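Hydrogens, waters and symmetry mates play no part in the numbers below; they use all other heavy atoms, side chains included. Sequence positions, counted from 1, serve as the residue numbers for this chain. Note that the structure is predicted; figures quoted are calculated from it, not measured.
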Amino acid sequence: VDDLLLRPSVTIDYRRLEKFVAGKSIVVTGGGGSIGSEICERIVAFGAVRLLVIENSEPALHAVLEQLASREAAAEISGHIADIRDRSVIFDVFTRYRPDVVFHAAAHKHVPLLEDHPCEAVTTNIVGTRNVVDAAAAVDVERFVFISTDQAARPSRVMGPSKWQCARRGAAMSEGL
């Protein structure tokens, strides 16, 4: 695995993760995506009290909610179809839900497509992230977890810089969270 990753493997501290989410109200943006849905699975397994999955794709949201329902978890699980670029909707959802922790996984990630549609990368990955960070700050979340990509480490195409900009500015914006 280390050879494939080109870095040493990381040992996951599952007890620490469980403490991080157990008994909490959690929001996952992009919860229907490949990374977001896995985060949702772990959050439910680690004992969150409530989970709100925010997703802009109706089929993806339906799929993750069905998958989570099959787990028969104790958590109250709900979904909301929303686009993180819509600031007023994101603020409304956060105000009503009042999460303790936010996992922000919503993003455009397909590099070749984003080269042809750079405005989509900027409006979702930068403006959308700003909306989510600001909404989280407005409701005083305890923790904000920003999911990024290796593409942000050495940005050379539009997707990488859009995520790098989020990581750089998101860290500055979320210092007060």
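Closest of all the heavy-atom pairs between Gly36 and Val28 is O-CG1, 3.9 Å. Annotation for Val27 and Pro99: closest pair CG2-CB, 3.6 Å, computed over non-hydrogen atoms. Looking at every heavy atom in both residues, Gly33 comes nearest to Glu55 through N-OE1, 3.7 Å. When all heavy atoms of Asn131 and Ile84 are compared, the closest pair comes out as ND2-O, 3.0 Å. Of all heavy-atom pairs spanning Arg87 and Arg130, the tightest one is NH1-O, 4.2 Å.
Interatomic distance, CD1 of Ile54 versus CD1 of Ile90, reported as 5.0 Å (0.5 Å rounding). Distance CG/Asp140 to CZ/Phe94: 12.5 Å, rounded to 0.5 Å. To the nearest 0.5 Å, the span separating CD1 on Ile26 from CZ on Arg143 amounts to 11.5 Å. Distance CZ/Arg85 to OG1/Thr129: 11.5 Å, rounded to 0.5 Å. Taken from CD1 in Ile147 to OG1 in Thr29, the straight-line distance is 8.5 Å, to the nearest 0.5 Å. How far CD1 of Ile43 is from CD of Glu38: 10.5 Å, rounded to the nearest 0.5 Å.
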Indicate every side-chain donor-acceptor pair of residues 70-78 with a distance under 3.5 Å to a residue at least two apart or in another chain.
from: Ser70; atom 1: OG; to: Gln67; atom 2: O; distance (Å): 2.6
from: Arg71; atom 1: NE; to: Glu41; atom 2: OE1; distance (Å): 2.7
from: Arg71; atom 1: NH2; to: Glu41; atom 2: OE1; distance (Å): 3.0
from: Arg71; atom 1: NH2; to: Glu41; atom 2: OE2; distance (Å): 3.3

Name each donor-acceptor pair under 3.5 Å that joins a side chain in residues 56-66 to protein atoms two or more places apart or in another chain, with its distance.
from: Ser57; atom 1: OG; to: Ala60; atom 2: N; distance (Å): 3.2

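Formation of a donor-acceptor pair under 3.5 Å by the Tyr97 side chain with backbone atoms of Leu52 is found in this model.
Proximity of Leu68 to Val53: side-chain heavy atoms (C-beta onward) are separated by under 4.5 Å at one or more points. Between Tyr14 and Arg42, the closest side-chain pair of non-hydrogen atoms falls below 4.5 Å. You'll find the side chain of Val132 reaches within 4.5 Å of the side chain of Phe144, heavy atoms only.
Leu51 and Ile81 fall within a single hydrophobic cluster, where Ile, Leu, Val, Met, Phe, Trp and Tyr side chains are chained together by heavy-atom contacts under 4.5 Å. Clustering ILVMFWY residues whenever any of their side-chain heavy atoms sit less than 4.5 angstrom apart, transitively, puts Ile35 in the very cluster that holds Phe46.
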Might you work through the side chain to side chain contact (heavy atoms under 4.5 Å, CB included) test for Val101 and Val21, ending with a clear yes or no? CA-CA 8 Å; Val101 179; Val21 301; 5.5 Å; no
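Within 6.0 Å of the CZ atom in Arg16, the count of heavy atoms belonging to other residues, nucleotides or ligands does not exceed 12.
Side-chain contact annotation: Asp13 with Thr11, donor-acceptor N/O pair under 3.5 Å absent.
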